[in-house]
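Any value given below was found using the heavy atoms of this structure, including those in side chains, with hydrogens, waters and symmetry copies removed. One-based numbering, in listed order, for ligands and for the atoms of each.
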Amino acid sequence: MTTSATLPNADGFFGEFGGQYVPEPLKPILNELAAAFEKYRNDPEFIREYNYYLKQFSGRETPVYLCANLTEKLGGAKIYLKREDLNHLGAHKVNNTIGQILLAKRMGKKKIIAETGAGQHGVATAATAALMGMECTIYMGAVDVERQKLNVFRMQMMGATVVAAQSGQRTLKEAVDEALAAWVQDAENTFYLLGSAVGPHPYPAIVREFQSVVGREARRQMLESEGRLPDYCIACVGGGSNAIGLFTEFVGDAGVKLVGVEPAGRGLEYGQHAASLCLGGPGVMHGFNSYMLKDDQGEPAEVYSISAGLDYPSVGPEHAYLKDAGRAQYVYASDKEATDAFFMLSRMEGIIPALESSHALAHAMKLAPTLSKDDIILVNLSGRGDKDVAQIEAMVADGSVVPPCIIR
Ligand SMILES: *Cc1c(COP(=O)(O)O)cnc(C)c1O
């Protein structure tokens, strides 16, 4: 299970990005994790077990699907979706939680801890911990606990304890801080299961490894259905795990353009967005160096997106590297463009996309009409939108979202 990339280097750097900017007590714990990962990533029995749960628990493989109706309507490039929405729990996150929890078992750990923002990673972690019979504690900002009551209840149903982080802004950043502190307290027995391609080394490499199944399948499936690779691979970027999972297997194919789509929120000019790569500058938070959005004091900025899974003020370090190397391009889509795409895919194809994935779709819908009918766009549909339907319904009711005319 090796990927094409030769990075990060031994110190966890992708060029100048990544690394391990953590307090001294965390370093031996991270190094123990890095050693275990190196030991098991190519171990046939580990890979067999990982593939078993991907298939039997999550229902992999997921198909690539040609959007014939949408393609015809837009009148340009063919649009394919990689259907990560069809995973158990409705998104790509389970690919990573299965891999990391198997690693935790190999390391002899008894307890799983994890951070969560909107709750999607918390739910995937709680489900996998229930499957593997592991004790599970999820750290969640107190504000998010209030906003995401249903996900809190889901986690509790599957046996997890949810701890509300009460410090600072009481959102994702504080949840990560408290989870890291709890980890240092009992590293002997505890495994920290991180949810995106962020954090100190070795997490970006671990998460990439376990998400690269997305790109590996998609590459083979495109060759099967079209006899060639796509011209574009497009994915939304929050922390960057679904995007890196797709990109990694195409990075060596010079003819395939890689495009990451960040949330422009209400519009970049209003300052309410989370476009870390498009508008941020170099900065360290949560133990790694990357592109980061900062406030006047140089602290992580408060960020915003209509989709709770994308509002993070930094981004996975490998994306920062791919941007500076010119190998991937990073663009943005606004709330309005994302909700238009959300309605459009639902109406044209009978598939309700997650609001996160709708950002990737929005860019594909802009791009397709500018290309020829021979061109192919592959969009990573990172998750399904059932979780977002109540929010969109309320926004339509109060007039803050207006469905595009096709569905009125
Ligand atoms: C969490 C989530 C994302 C954002 O996370 P990445 O690490 O950037 O992939 C995107 N889509 C869905 C459906 C999610 O649940």
Quick check: [X] and ligand 1, any N/O pair under 3.5 Å apart?
X: Ser357; value: no
X: Gly383; value: no
X: Gly238; value: yes
X: Asn242; value: yes
X: Lys387; value: no
X: Lys93; value: yes
X: Ala354; value: no

Ring centroid separation Phe13 to Tyr321 under 6.0 Å: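 Distance test on ring centres: not under 6.0 Å, no.
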
With ring centroids as reference points, do Tyr304 and His273 lie under 6.0 angstrom apart? no

So, applying side-chain contact (heavy atoms from CB on, under 4.5 Å) with Tyr232, which one of Ile79, Val256, Leu378, Leu371 is it?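 Running side-chain contact (heavy atoms from CB on, under 4.5 Å) over Ile79, Val256, Leu378, Leu371 with Tyr232 returns exactly one hit, Leu371.
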
Give the residue and atom name of whichever protein heavy atom lies nearest to atom 6 (P) of ligand 1, and the separation in Å to one decimal. Ser241 N, 3.4 Å

For atom 10 (C) of ligand 1, which protein heavy atom lies nearest, and how many Å away is it?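 Atom 10 (C) of ligand 1 sits closest to the protein heavy atom Glu356 CB, 3.4 Å.
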
Of all the atoms in ligand 1, which lie at a distance below 4.0 Å from a heavy atom belonging to [X]?
X: Cys236; value: 10 (C)
X: Gly240; value: 6 (P), 7 (O), 8 (O)
X: His92; value: 2 (C), 3 (C), 9 (O), 10 (C), 11 (N), 12 (C), 14 (C)
X: Ser196; value: 6 (P), 7 (O)
X: Ser382; value: 10 (C), 11 (N), 12 (C), 13 (C)

Work out whether the distance between some heavy atom of Glu84 and some atom of ligand 1 is less than 4.0 Å.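 Per 4.0 Å heavy-atom rule, Glu84 does not contact ligand 1.
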
Identify whether the distance between the nearest side-chain nitrogen and carboxylate oxygen of Lys78 and Glu72 falls below 4.0 Å. no

Below 4.0 angstrom, N of the basic side chain to O of the carboxylate: do Glu217 and Arg220 qualify? no

Proximal candidate to atom 5 (O) of ligand 1 [heavy atom criterion; set Pro353, Gly309, Pro263]: Gly309

Which of these passes side-chain hydrogen bond (donor to acceptor under 3.5 Å, both in side chains) with Tyr330: Lys323, His319, Glu262? His319

Under 3.5 Å, is there a donor on one side chain and an acceptor on the other for Tyr192 and Gln100? no

Assign the ring pair Phe37 / Phe210 to parallel, tilted or perpendicular, where the plane angle (0 to 90°) is split at 30° and 60°. perpendicular

Any non-hydrogen side-chain atom of Arg219 less than 4.5 Å from a side-chain atom of Asp253?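 When only atoms from C-beta onward are counted, Asp253 and Arg219 do touch, with a gap below 4.5 Å.
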
Side chain proximity check, Lys93 to Thr125, heavy atoms < 4.5 angstrom: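 Counting from C-beta outward, Lys93 and Thr125 never come under 4.5 Å.
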
